[in-house]
Amino acid sequence: MRLSQYFLPTLREDPAEAEVISHKLMLRAGLIRKVASGIYTYLPLGLRALRKVENIVREEMDRIGAQEVLLPLVQPAELWQETGRWEKYGKELLRFKDRKEHDFCLGPTHEEVITDLVRGEVRSYRDLPLILYQIAPKFRDEIRPRFGVMRAREFIMKDAYSFDADEAGLFQTYQRVYEAYERIFSRCGLKFKAVLADTGAIGGSESHEFMVLAETGEDRLAICSACGYAANVELAEVKAVYSYPEETERPLEKVSTPGVRSVEEVSSFLGVSPSRLVKTLLYLADGEPVAVLVRGDYELNEIKLAKVLGAQGLKMADAETVKRLTGAPVGFAGPVGLSVKRILADFSVRGLKNFVTGANQADVHYINVNYGRDFPEPGFYDLRTAEEGDPCPRCGRPLSLTRGIEVGHVFKLGTQYSATMGATFSDREGKERPFVMGCYGIGISRTVAAAIEQNHDSAGIIFPEEIAPFKALLLTLGKEPALMEASEKIYQTLTQAGVETLWDDRDERPGVKFKDADLIGLPYQLIVGKKFLETGQVEVKRRASGERQVLAPSEVVSYLGGKGP
RNA sequence: CGGGACGUAGCGCAGCCUGGCAGCGCACCCGCUUGGGGUGUGGGGGGUCGGCGGUUCAAAUCCGCCCGUCCCGACCA
């Protein structure tokens with residue numbers, strides 16, 4: 001492709017709307033343009049990168065025997081009503097009516113559609129296992145789209161669904177997909193980690209997330225370098241043992257703490273370490289009030305809490321509810337005399353004596369609080385978020401925390417969709433059984449963004465070779481006929497040899513061409529300029545290392561791995 | 001949805017407080033110049049100042065409502 005005719009609008013300056021690096025670079029390098037919040041157009045260069053990722057995914061999915069289909073983006077309400085998700089899914093599901101006033105939605109995921117397809121067509125255990133996948137747009141009306149295509153409302157996803165006869169089959173299929181994912185992200189040139197994950201809204205029994213390691217990632221990961229345990233912190237079990245020195249219980253006492261609410265404030269006001277504070281958090285679990293006690297220096301994990309409570313919907317009590325339950329404004333809740341029926345505590349509170357809590361009264365805290373004496377002993381559970389240095393739940397060595405971008409997610413679904421939708425097959429004995437399902441996603445557009453987040457420098461993108469839109473950029477520096485002729489010849493030769501080459505044949509100064517070259521980040525830059533006129537040699541610069549070497553034009557093709565004539 | 005910021009040429013911004021000719025840089029078009037890291041120079045085109053309403057002799061500027069965008073928190077590939 002000749003750059004003089006290629007639709008590649010690059011920007012000199014960072015667009016004001018972009019905050020994270022991948023977003024800035026994708027806009028500046030002419031990969032994407034925004035149409036509305038969370039909705040993007042892919043320009044030719046961006047689309048090529050997207051297609052590279054898609055093709056890797058396609059090859060690896062096909063390799064494990066998965067078959068590609070294309071499911072509709074627009075889906076009828078009836079299917080969603082069958083599984084109950086029409087009501088449960090929430091506002092991310094964009095609903096609308098057609099001209100006949102029938103309800104439809106834009107597909108945020110496709111379990112219903114695929115299960116509907118398979119229940120109609122697959123009758124026998126002989127046809128199993130079956131893995132179907134698609135690479136297609138999804139729409140999720142995210143509350144807050146951000147970071148460009150990293151968290152967009154419309155995005156490209158590969159979603160796969162597996163159907164097995166039994167749990168053992170699902171186990172094997174899950175394993176095969178898991179391994180395919182490892183190959184996919186390795187081939188994309190990414191540093192990633194598969195971690196244990198929560199199953200969230202999709203549901204299911206076991207799940208792993210594939211995380212691209214990056215500082216800007218929205219997820220926190222707990223990793224054990226000793227035994228290889230890796231989990232999203234939202235899930236990571238805390239097995240810490242808390243040993244508190246023996247203390248005699250001192251008399252309960254009220255202290256005046258005017259306007260002092262947060263753990264930090266109380267801690268510095270009373271001159272007591274946050275670990276001697278117990279915060280009382282009020283939640284509504286399916287509408288029922290619950291109080292949760294967590295040591296002041298730890299963070300409550302809402303996912304763990306929801307699981308312990310078996311609650312579908314869990315939300316923090318709003319200021320009014322807090323006032324109603326405690327009789328005090330937010331910031332002064334405590335377990336002593338609290339009229340909430342259910343009180344839970346994190347293990348970190350067990351054994352703690354003479355701690356500080358709110359007194360359910362404005363501007364007052366209690367000191368020397370002891371459970372069992374001042375309020376009934378609560379049930380103790382693992383309710384806090386894992387922290388750096390907590391013992392690994394598997395081997396006990398200290399965990400380290402890092403950040404990641406979720407690019408893939410695999411779930412064991414079991415029979416929850418097939419059973420509710422009546423998707424069954426005949427087993428060997430002729431008995432009807434529900435399919436045992438799995439589902440497997442990859443954010444294609446997010447993978448491109450994550451790759452850029454992980455591979456860039458101050459000058460621009462450094463595309464990993466496998467997903468680069470082109471392999472090489474040929475830069476012609478100058479207008480002399482000899483340069484243009486030689487460049488043309490190199491360009492033709494490379495193209496014919498199957499080396500995807502973009503030729504910067506524009507009438508621009510060298511500086512402009514170099515800046516754009518580094519910005520768009522193709523792996524190789526082939527420079528034909530003054531030195532070529534002097535020596536007849538082409539200078540090859542690797543974008544990643546900056547390493548340069550000179551080659552005769554005839555050597556360039558084989559250097560870049562082109563096919564011979 | 002709560003909290004914060006912003007909306008002026010394609011992009012990045014100034015002007016607004018204190019109402020009075022709509023500006024700067026980049027990009028774009030024409031000329032000359034230059035030609036290995038965003039060359040220099042001369043000329044030129046491009047604006048419902050987010051929208052609607054109000055105040056005023058006069059509104060980008062003051063007031064009200066609305067829309068949009070971005071950032072921070074609860075969702076997810």
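Naming: A, B, ... by sequence-line order, numbering from 1 per chain. Note that these values count all heavy atoms, side chains included, but never hydrogens, waters or copies made by symmetry.
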Check if the side chain of [X] and the base of [N] share a donor-acceptor pair of N or O atoms closer than 3.5 Å.
| X | N | result |
| --- | --- | --- |
| A/Asp516 | B/G37 | no |
| A/Lys479 | B/G35 | yes |
| A/Glu508 | B/G35 | no |
| A/Arg548 | B/G37 | yes |
| A/Arg151 | B/C75 | yes |

message = Given the ring of A/Phe332, does A/Arg261 sit roughly above its face, with NZ or CZ under 6.0 Å from the centre of the six-membered ring and within 45° of the axis?
response =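 The answer is no, since A/Arg261 fails at least one limit relative to A/Phe332.
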ask   = With a cut-off of under 6.0 Å to the ring centre and 45° to the axis, is A/Lys34 in cation-pi contact with A/Tyr40?
value =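 No.
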request  = Would you indicate which nucleotide in B/U69, B/G36, B/C71 comes nearest to any side-chain atom of A/Ala36?
outcome  =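 Nearest nucleotide to the side chain: B/U69.
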message = Among B/G73, B/G35, B/G12, which nucleotide has an atom closest to any side-chain atom of A/Arg146?
response =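 The answer is B/G73.
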query = In terms of heavy-atom contacts, does CD of A/Glu388 have more than 12 from other residues, nucleotides or ligands at under 6.0 Å?
reply =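 Enclosed.
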All N/O pairs under 3.5 Å across the protein-nucleotides 40-46 of chain B interface:
none

Pick base, sugar-phosphate or nothing for [X], based on heavy-atom distances below 4.0 Å to the nucleic acid.
| X | value |
| --- | --- |
| A/Val512 | base |
| A/Met211 | nothing |
| A/Lys138 | nothing |
| A/Ile527 | base |
| A/Arg28 | base |
| A/Gly408 | sugar-phosphate |
| A/Leu477 | base |

request  = Tell me the partner of B/C1, counting only Watson-Crick (N1-N3 plus N6-O4 or O6-N4) or G-U wobble (N1-O2 and O6-N3) with both under 3.5 Å; none if nothing fits.
outcome  =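 Paired with B/C1, as far as the under-3.5 Å criterion goes, is B/G73.
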Watson-Crick or G-U wobble partner of B/C62, both distances under 3.5 Å =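 Its partner is B/G54 (Watson-Crick or G-U wobble, both distances under 3.5 Å).
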query = Can A/Asp219 and A/Arg403 be said to form a salt bridge (Lys or Arg N to Asp or Glu O under 4.0 Å), step by step?
reply = CA-CA 6 Å; A/Asp219 289 276; A/Arg403 287 188 163 269; over 6 Å; no
ask   = Salt bridge or not for A/Asp297 and A/Arg384, using N-O below 4.0 Å?
value =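 No salt bridge links A/Asp297 with A/Arg384.
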key: A/Glu54/A/Arg51 ion pair, N-O < 4.0 Å   =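 Salt bridge: yes.
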Which residue lies more 5' along RNA chain B, comparing A/Pro145 with A/Ala459 via nearest heavy atoms =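 Comparing both residues, the 5'-ward one is A/Ala459.
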query = If you measure from the ring centre of A/Phe155 to the centre of the six-membered ring in the base of B/A77, is it under 5.5 Å, with the planes under 30° apart?
reply =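 Aromatic stack with B/A77 present for A/Phe155.
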inquiry  = Does anything in residues 14-27 of chain A come within less than 4.0 Å of RNA chain B? Heavy atoms only, and list the residues if so.
reply    =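 The stretch gives A/Asp14, A/Pro15, A/Ala16, A/Glu17, A/Glu19 as the residues lying under 4.0 Å from the strand, ordered by number.
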query = Mind checking whether A/Tyr181 and A/Phe185 have parallel, tilted or perpendicular rings, split at 30° and 60°?
reply =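 The rings of A/Tyr181 and A/Phe185 stand perpendicular, inter-plane angle above 60°.
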inquiry  = Using the side-chain contact (heavy atoms from CB on, under 4.5 Å) criterion, which residues pair with A/Ser545? Sequence neighbours excluded.
reply    =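 For A/Ser545 the side-chain contact (heavy atoms from CB on, under 4.5 Å) partners, ignoring immediate neighbours, are A/Arg542, A/Glu547.
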key: Nearest-angstrom distance, P atom, B/G15 to B/C24   =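 Approximately 15 Å lies between the P atom of B/G15 and that of B/C24.
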query = What's the verdict on ring pair (Phe, Tyr, Trp, His ring centres under 6.0 Å) for A/Phe470 and A/Tyr6, showing C-alpha distance, side-chain angles and the deciding distance?
reply = CA-CA 13 Å; A/Phe470 292 89; A/Tyr6 199 52; 5.8 Å; yes
request  = Assert yes or no for the condition that the ring centre distance of A/Phe210 to A/His409 is strictly below 6.0 Å.
outcome  =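 No: the rings miss the under 6.0 Å criterion.
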